[in-house]
Amino acid sequence: MIWYGKEDADKLDSLPDFSHLTKQDSKVKAIALDIAKKSSLFRKASRDALNLKRKLAYEKRTKDIKTDPKVILFSTFDGRSYGDSPKAIYEYMLTDSKYDDYTFVWAFRSPKDFKFLLDNKNTYIVQPATPQYDLVCATAKYWLYNYRIADYIYPKDDQVYVQLWHGTPLKRLGYDIAISDNVMNSQTEIREKYKIDAAKFKYILAPSEFAGEKFASAWNLKAIGKEDTVLVAGYPRNDFLKNYTEADVKSIKEELGLPEGKKILLYAPTWRDNQHDSELGYVYEPEADFDKLREALEDEFIILFRAHYLVANSFNFEKYKGFVWDVSGVADINRLYIAADMLMTDYSSVFFDYANLGRPMVFYMYDFDAYANNIRGFYIDISELPGRIVKTTDDVIEEIKSVDFEGFDFEKSYPAFRPKFNYLDDGNASKRVADAVIEE
């Protein structure tokens with residue numbers, strides 16, 4: 001057996017924890033990263049050498065492995081969590097008798113944290129960056145990922161790589177990034193990563209025609225004759241936002257121990273391409289003044305702070321205990337959406353999904369000019385955002401206090417938003433995608 005099943009659950013506890021691969025414990029690696037930040041030649045040479053070594057090892061290890069048409073491999077955010085569209089499709093498949101004889105394998109950096117999945121039928125776990133993982137990649141006919149698969153792994157002709165990208169894009173991606181203040185990747189390096197990924201996938205999922213157009217451009221699909229790989233079918237991960245119950249809301253509130261009688265503000269900022277620590281990885285320091293927020297809002301609100309999955313540093317909100325909850329460890333952000341009365345974000349794609357709930361939002365873009373002009377740039381005009389843009393904590397407070405939660409009407413305030421971006425989020429996207437990509 002090349003993956004871990006229910007009978008092997010105890011073995012998962014003894015596996016090394018790869019859940020924080022962005023943290024570099026070795027000072028040697030940290031020094032190498034410091035050099036890589038300063039020298040694109042060194043960075044490229046070291047990456048190329050490592051990828052070649054891994055590619056040759058992968059090919060040698062898997063050259064005699066035959067593809068199994070009934071094995072599906074799932075991964076969320078490169079093995080960091082259990083959520084997003086891979087989770088939605090997997091859970092749909094568990095309910096459809098058509099997949100009763102399929103084997104489902106999940107890749108996790110910290111497998112012991114997800115042992116509960118082994119209670120599901122035909123479900124197994126494997127750990128990335130191991131020989132077993134390589135063997136599973138070579139065995140599974142279907143790879144359902146919401147993030148890029150490792151550069152050294154290529155599908156065989158009879159394998160189906162489905163790129164379930166993790167969000168409708170506001171900020172520019174791949175080939176569309178005209179300027180890049182990314183400390184670890186130049187514009188050329190970013191394009192190369194997207195070029196490698198595009199060469200592999202058979203499908204790239206888009207939640208709307210708008211997103212499909214942007215993905216085709218970001219992955220430069222026309223130039224390589226792969227425009228027909230774009231599958232416009234809605235986001236499976238948003239099925240939950242259409243089908244959740246009040247019991248689901250109660251469950252997450254009880255799990256987190258949230259107090260009754262207060263409104264919940266979910267603060268979910270994205271990462272910054274130019275903020276990187278050689279020992280930790282990408283880092284983020286909240287710019288909001290939590291002292292001001294607590295003084296102005298704590299009688300009526302609590303804040304759930306959710307960091308981006310690429311952010312490696314931890315946060316200490318002990319000073320604001322009872323007012324700020326760090327919920328970065330909650331695997332599935334959908335559960336936070338349904339609990340929140342309001343969303344505060346910046347350039348993250350979370351607002352496209354949260355719009356399905358028809359609740360108020362505010363965009364705290366304290367570094368708007370730098371982000372728009374020096375880091376990424378945007379795909380849509382900011383006038384299309386379904387909420388007010390603010391740049392100071394005082395303005396955040398003013399906006400939150402001005403919201404009429406009882407009388408808020410999303411459709412009246414933003415009549416063009418959901419018809420453009422969410423029209424396929426109808427609660428049935430998981431079935432549509434599965435029907436489209438799984439060959440009979």
Side-chain angles (χ1 to χ4, degrees), residues 40 43-44 47-48 50-52 54-55 58-59 62 67 72-79 84-86 89 107 128 134 137-138 140-180 182 184-237 273 309-310 349 376-379 433 436-439:
S40 59
R43 192 166 63 230
K44 184 178 187 308
R47 284 175 177 170
D48 287 349
L50 183 59
N51 279 328
L52 178 60
R54 289 173 173 171
K55 185 172 184 291
Y58 178 81
E59 291 174 347
T62 63
T67 303
I72 305 175
L73 175 60
F74 298 89
S75 174
T76 301
F77 296 123
D78 199 22
D84 212 76
S85 290
I89 296 172
D134 288 354
C137 286
K141 179 175 180 65
Y142 302 98
W143 304 342
L144 272 58
Y145 283 55
N146 78 334
Y147 192 74
R148 297 170 55 252
I149 196 167
D151 286 351
Y152 72 90
I153 297 177
Y154 280 79
K156 294 173 284 187
D157 291 341
D158 61 350
Q159 291 183 299
V160 178
Y161 170 31
V162 185
Q163 173 55 268
L164 301 166
W165 192 252
H166 51 270
T168 298
L170 167 65
K171 53 196 178 188
R172 291 182 177 272
L173 303 170
Y175 279 77
D176 294 336
I177 300 177
I179 39 95
S180 176
N182 187 311
M184 291 304 297
N185 293 286
S186 66
Q187 183 186 61
T188 300
E189 289 168 312
I190 290 171
R191 290 182 174 183
E192 181 64 20
K193 289 176 182 291
Y194 279 73
K195 178 182 178 181
I196 292 171
D197 197 42
K200 300 177 185 181
F201 55 65
K202 184 170 181 178
Y203 300 99
I204 178 168
L205 177 64
S208 63
E209 289 290 347
F210 165 84
E213 292 174 2
K214 305 313 175 190
F215 289 163
S217 177
W219 273 268
N220 202 30
L221 298 182
K222 184 176 181 179
I224 60 175
K226 296 191 70 171
E227 286 179 292
D228 61 348
T229 61
V230 178
L231 173 64
V232 181
Y235 262 154
R237 70 184 190 182
D273 306 55
Y309 72 91
L310 278 180
S349 66
R376 284 288 190 98
F378 307 124
Y379 280 121
V433 174
V437 305
I438 305 298
E439 301 169 5

Taking the side chain as C-beta and beyond, is there a heavy-atom pair between [X] and [Y] under 4.5 Å?
| X | Y | answer |
| --- | --- | --- |
| Pro236 | Val433 | yes |
| Leu221 | Ile204 | yes |
| Glu439 | Lys141 | yes |
| Leu73 | Leu144 | no |
| Phe378 | Arg172 | no |
| Ile89 | Val162 | no |
| Trp165 | Ser85 | no |
| Val160 | Pro155 | no |

side-chain hydrogen bond (donor to acceptor under 3.5 Å, both in side chains): which pairs involve residues 152-163, sequence neighbours left out?
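Non-adjacent pairs meeting side-chain hydrogen bond (donor to acceptor under 3.5 Å, both in side chains): Thr67-Lys156, Thr67-Asp158, Asp134-Tyr152, Tyr161-Gln163, Tyr161-Asp197, Gln163-Asp197.
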Is the backbone of [Y] close enough, under 3.5 Å, to the side chain of [X] for a donor and an acceptor to pair up by distance?
| X | Y | answer |
| --- | --- | --- |
| Tyr147 | Gly79 | no |
| Lys226 | Ala198 | yes |
| Lys200 | Ile153 | yes |
| Trp143 | Cys137 | yes |
| Arg148 | Ile196 | no |

TODO: Just jot down the salt bridge (Lys or Arg N to Asp or Glu O under 4.0 Å) partners of Lys195, sequence neighbours excluded, or say none.
DONE: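 Here no residue qualifies.
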Which distance, rounded to the nearest 0.5 Å, do you find between the [atom1] of [X] and the [atom2] of [Y]?
| X | Y | atom1 | atom2 | result |
| --- | --- | --- | --- | --- |
| Thr76 | Phe74 | OG1 | CZ | 9.5 Å |
| Lys214 | Asp176 | NZ | CG | 8.0 Å |
| Tyr175 | Lys193 | OH | NZ | 13.0 Å |

[X]: what forms a ring-ring contact (aromatic ring centres under 6.0 Å, His included) with it, not counting sequence neighbours?
| X | answer |
| --- | --- |
| Tyr203 | none |
| Tyr145 | none |
| Tyr379 | none |

Residues Ile149, Phe201; criterion side-chain contact (heavy atoms from CB on, under 4.5 Å); working and verdict
CA-CA 10 Å; Ile149 196 167; Phe201 55 65; over 6 Å; no
Testing the basics here: between Pro169 and Phe215, what is the closest heavy-atom pair and its distance to 0.1 Å?
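Nearest pair, atom of Pro169 first, then Phe215: CD-CE2, 3.8 Å.
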Practice prompt. Check whether NZ of the Lys or CZ of the Arg Arg191 lies under 6.0 Å from the centre of the six-membered ring of Tyr194 and within 45 degrees of that ring's axis.
Written response: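 No, Arg191 does not sit over the ring of Tyr194.
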Check: Where do Asp84 and Leu164 land on the side-chain contact (heavy atoms from CB on, under 4.5 Å) test, with the steps shown first?
Finding: CA-CA 9 Å; Asp84 212 76; Leu164 301 166; 5.6 Å; no
Considering residues at least two apart in sequence or located in another chain, which fulfil the side chain to side chain donor-acceptor pair (under 3.5 Å) criterion with Tyr58?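 Listed in chain order: nothing, the list is empty.
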Does atom CD of Glu59 have more than 12 heavy-atom neighbours, drawn from other residues, nucleotides or ligands, at distances under 6.0 Å?
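Yes - once you tally the heavy atoms of other residues, nucleotides and ligands closer than 6.0 Å, there are more than 12.
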Enclosure of Lys55 NZ (heavy-atom neighbours >12, cutoff 6.0 Å) |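 No, not enclosed.
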Please test Leu205 against Asn146 for side-chain contact (heavy atoms from CB on, under 4.5 Å), starting from the C-alpha separation and ending with a verdict. CA-CA 9 Å; Leu205 177 64; Asn146 78 334; over 6 Å; no
